[in-house]
Amino acid sequence: MAPPRKPRPGFSRRAQFGLFLGYVAAATGALIGAIVLVLSFLHPPAYIAARGILREATTPVSSGLHWVRRQVADIPPGVGGYFGVMGENRRLKAEREAEKKLLARARQLVIENIRLRRLLQLRDREGETVATARLVNATSASTRRFATLNAGLWQGVRAGYPVRGPEGLIGRVLEVSPNTARVLLAVDPESIIPVRRVRDGMPAIATGRGDGLIEVRVAGIANMPYRAGDVFVTSGAGGLYPPGIPVARVMRNARDTAEARPLANPDALDFAQVQRPYLLPPARPAPPESAAKK
């Protein structure tokens with residue numbers, strides 16, 4: 001059975017209506033064109049005014065179409081620029097990471113130079129420095145706190161000598177070998193340091209807690225308040241530690257006993273300074289010549 005033939009446009013009312021509108025639009029356009037042509041010959045000022053009105057009406061539409069065309073035309077360059085920017089961004093990030101490493105190394109060298117200068121200034125000022133050496137390591141995982149110094153008997157270091165850094169007291173020498181020394185840190189529970197408060201000279205005792213902090217107890221005065229930020233320095237009592245070396249800063253307000261943070265952190269120090277005890281035992285006087293002859 002043969003398929004039915006496609007009906008002509010005349011058989012559809014929608015097709016007829018569309019065809020009619022097309023004819024009407026074409027006739028209207030031709031009529032407007034003829035009127036404008038006649039108007040341009042007979043009355044040029046009116047023609048110019050009509051052309052201006054038409055331009056005013058069509059300019060927004062033309063501008064919108066131009067904007068759409070420009071946006072569509074900018075899509076391929078925009079996509080290419082996006083991928084180019086992504087590549088440039090990756091390259092700049094890699095350069096920034098490399099510069100970060102160089103900057104960290106430069107800062108480390110600057111800090112090391114500052115510490116060395118401060119240590120040299122301490123040596124020049126106090127004149128009691130035995131050796132300036134590197135802190136090789138410091139224990140921080142146990143309750144006992146020690147550090148190793150790469151200077152020993154051959155460098156003049158002896159047991160009992162105080163050890164300090166640019167920021168404050170580190171501890172005292174406990175054991176000595178020819179080229180190394182074991183340092184008992186100020187935060188060790190066996191460390192006891194006579195101190196005084198900077199703002200009023202109040203005497204106290206600083207004892208290590210074994211957890212990286214120092215406990216400051218008042219000496220002889222009951223119910224003495226502590227303020228957060230109080231700084232304690234060595235008092236010189238006992239003759240071991242020279243007076244005036246910063247030891248710790250109080251963390252919070254308290255009475256009688258306060259938690260304090262040491263001002264010199266051995267884990268963050270590269271170099272330390274070994275000094276002679278503040279009060280050395282008096283030297284034995286030499287026997288007179290007469291007694292020596294006898």
Side-chain angles (χ1 to χ4, degrees), residues 55 58-125 129 131-143 145-151 155 163-171 179-183 185-187 209-214 228-229 231 246-252 259-274:
R55 187 171 58 248
T58 57
T59 296
V61 178
S62 300
S63 300
L65 293 176
H66 177 71
W67 180 84
V68 173
R69 184 174 64 252
R70 188 176 59 203
Q71 295 299 320
V72 173
D74 289 343
I75 290 176
V79 173
Y82 171 77
F83 287 107
V85 169
M86 291 293 291
E88 184 71 13
N89 194 15
R90 285 193 294 268
R91 185 182 66 82
L92 291 175
K93 284 183 177 179
E95 291 181 356
R96 188 181 66 178
E97 292 298 327
E99 290 176 356
K100 277 185 178 180
K101 294 179 181 178
L102 293 175
L103 183 60
R105 177 60 180 166
R107 287 177 176 172
Q108 182 180 358
L109 292 175
V110 169
I111 292 172
E112 187 171 324
N113 288 335
I114 291 174
R115 287 174 176 168
L116 285 173
R117 288 186 187 132
R118 292 175 68 180
L119 286 170
L120 291 175
Q121 289 174 0
L122 287 173
R123 172 184 289 184
D124 294 338
R125 184 172 64 250
T129 300
T132 299
R134 185 181 293 274
L135 279 170
V136 179
N137 55 52
T139 58
S140 58
S142 63
T143 56
R145 300 301 177 96
F146 302 98
T148 302
L149 197 67
N150 67 341
Q155 289 76 33
V163 181
R164 66 165 299 174
E167 291 83 7
L169 185 68
I170 297 174
N179 286 300
T180 61
R182 194 182 193 195
V183 179
L185 299 179
V187 294
R209 297 191 351 171
D211 58 354
L213 299 178
I214 291 177
V231 176
V247 177
R249 178 182 284 108
V250 173
M251 299 172 59
R252 59 183 62 89
E259 291 183 352
R261 188 175 301 278
L263 295 175
N265 182 11
D267 294 330
L269 292 175
D270 297 325
F271 296 92
Q273 189 179 61
V274 182

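Owing to the predicted nature of the structure, the values given are computational and were not obtained by experimental measurement.
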[X] to [Y] - nearest heavy-atom pair and separation:
X: Leu263; Y: Arg249; value: CD2-NH1, 3.2 Å
X: Glu167; Y: Pro246; value: O-CB, 3.6 Å
X: Pro262; Y: Gly212; value: CD-O, 3.3 Å

Taking C-beta and beyond as the side chain, do [X] and [Y] meet within less than 4.5 Å on heavy atoms?
X: Gln273; Y: Pro166; value: no
X: Gln155; Y: Val274; value: no
X: Ile214; Y: Arg261; value: no

Set of side chain to side chain donor-acceptor pair (under 3.5 Å) partners for [X], sequence neighbours left out:
X: Arg252; value: Glu259
X: Asn150; value: none
X: Arg96; value: none

message: Distance check, rounded to the nearest 0.5 Å: Asn179 atom CG versus Leu149 atom CG?
response: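 Nearest 0.5 Å value for the CG-CG distance: 11.0 Å.
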
Reported CZ-to-CG distance for the pair Arg164 and Leu169, which is rounded to 0.5 angstrom: 8.0 Å

- request: Please identify each residue that fulfils side chain to side chain contact (heavy atoms under 4.5 Å, CB included) with Ala147, with sequence neighbours left out.
  value: Leu135, Ala138, Val183, Leu185

